[in-house]
Protein chains: 2
Amino acid sequence: MPIHSLDRDVEERLSDRDVRYTRGRRRVVAALHEADGPMSAAELHGKVGADVPLSSLYRTLAVLEETEVVMPHFGARGITRYELAEWLTGHHHHLVCVDCGTVDDINVPPQHEAAVRVLVEKIAAAAAFSPSAHVLEIEGSCSRCR
Amino acid sequence: MPIHSLDRDVEERLSDRDVRYTRGRRRVVAALHEADGPMSAAELHGKVGADVPLSSLYRTLAVLEETEVVMPHFGARGITRYELAEWLTGHHHHLVCVDCGTVDDINVPPQHEAAVRVLVEKIAAAAAFSPSAHVLEIEGSCSRCR
DNA sequence: GTAAGAATGAGAACTACTATCATTATATAT
DNA sequence: ATATATAATGATAGTAGTTCTCATTCTTAC
């Protein structure tokens with residue numbers, strides 16, 4: 001999705017919730033859009049510039065999470081990373097490097113995704129659990145570490 | 001796996017690594033064995049008794065992680081939970097309740113597990129990533145919350 | 001242009017976790 | 001069995017990531 005139509009979608013969502021789409025918030029959304037995986041507050045601090053204080057980034061992320069523009073991801077010890085919500089980016093999964101900890105997004109072709117969904121349904125059904133979503137993380141060594 | 005054979009396996013592993021299998025460590029292993037999902041240090045503090053200080057629990061968990069008796073799980077904001085390693089319990093996945101945050105283990109029948117593995121291979125292959133493991137978390141509402 | 005409300009920045013406070021160190025327990029050698 | 005060396009524990013101080021507070025600045029509506 002190009003940045004301007006993303007921006008329009010986010011703008012509309014925030015306006016619906018009576019929340020302003022300010023410069024600081026735009027910067028965070030843009031940084032997450034350029035990233036190729038979830039980012040932590042500290043990583044965003046490095047990317048959007050150190051002039052934006054960490055406390056503001058945390059608050060911005062909290063606001064964007066409440067309005068469902070971003071989603072938290074808890075894949076690493078002690079740190080919360082954020083990525084744009086799937087209604088903005090499309091459904092995807094993660095490749096997690098067990099050596100360096102980087103997380104990269106991976107898009108799954110529709111037929112595989114459908115197969116995953118069917119399996120999830122079957123597995124959950126056996127436990128009388130009604131699944132609303134699934135998270136698949138593939139662990140291994142990334143190309144940089146291998 | 002019954003507790004005594006689990007205990008024997010852990011004992012052997014720790015002895016191999018020249019680490020003692022003490023009373024405190026046994027208590028943690030037993031608590032994790034009885035649990036039906038990963039537990040945090042604070043939750044263990046409640047379960048094994050408040051007479052075991054948190055600092056000891058954190059260190060015990062670190063030792064058990066180094067010796068690969070337990071595995072960390074980062075499914076919740078800011079907290080690390082631990083569960084017995086899969087060589088002790090068998091491979092399994094998680095049902096995560098989006099309402100209350102509880103995580104329950106779920107065993108997956110072999111044919112479904114095989115299908116998951118095949119899909120993971122295919123998805124990863126498309127990104128030139130060689131998978132060593134996978135984590136599948138199924139989100140939904142647990143029976144208590146529904 | 002002004003008033004009301006929202007967002008920001010700076011820093012204090014909180015929580016999960018880690019490190020330190022003195023004390024206690026365990027294992028090995030004699 | 002006792003002494004000695006090494007490991008584990010408990011208490012507490014310290015750290016990192018995150019959240020809260022509040023005074024100031026910016027927006028929006030009138």
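So you know, we letter chains A, B, ... as the sequences are listed, proteins then strands, and number each from 1. Side chains are part of it too, since the values below use all heavy atoms of this structure and drop only hydrogens, waters and symmetry mates.
Between the CZ atom of R59(B) and the P atom of dA11(D) there is a distance of 11 Å, given to the nearest Å. Nucleotide dA6(C) holds its C1' atom 15 Å from the CG atom of L64(A), rounded to whole Å. Atom P of nucleotide dG9(C) and atom NE2 of H45(A) are separated by 11 Å, given to the nearest angstrom.
Over its full length, the helix from dG1(C)-dC30(D) to dT30(C)-dA1(D) turns its helical axis through 30°, comparing axes from the five pairs at each end and rounding to 10°.
In this structure, V63(B) and R81(A) both approach DNA chain D, and ranking their closest nucleotides by distance from the 5' end singles out V63(B).
You'll find that the side chain of R20(A) is closest to dA6(C), out of dA6(C), dC17(C), dT9(D).
Judged by atom type and distance alone, R77(A) does not reach the base of dG17(D) through any side-chain donor-acceptor pair under 3.5 Å.
Between E68(B) and R17(B) there is a salt bridge, since a side-chain N of the basic residue sits under 4.0 Å from a carboxylate O of the acidic one.
Within the nucleic acid shown, R25(B) comes within 4.0 Å of sugar-phosphate atoms alone, with no base atom in reach, counting heavy atoms only. When heavy atoms are screened at a 4.0 angstrom cut-off, S40(B) is found touching no nucleic acid atom at all. Among the atoms of the strands shown, only primed sugar atoms or phosphate atoms (P, OP1, OP2) are found under 4.0 Å from some heavy atom of V19(B).
Heavy-atom distances under 4.0 Å link DNA chain D to P53(B), S55(B), S56(B) of residues 50-58 of chain B, given in residue order.
Side-chain contact of H91(A) with E113(A): a donor-acceptor pair under 3.5 Å is present, judged by distance alone. Checked by atom type, the side-chain pair H94(A)/D105(A) shows a donor-acceptor distance below 3.5 Å.
The side-chain contact (heavy atoms from CB on, under 4.5 Å) test applied to Y21(A) returns D7(A), V10(A), E11(A), L14(A), R25(A), R26(A), V29(A), not counting sequence neighbours.
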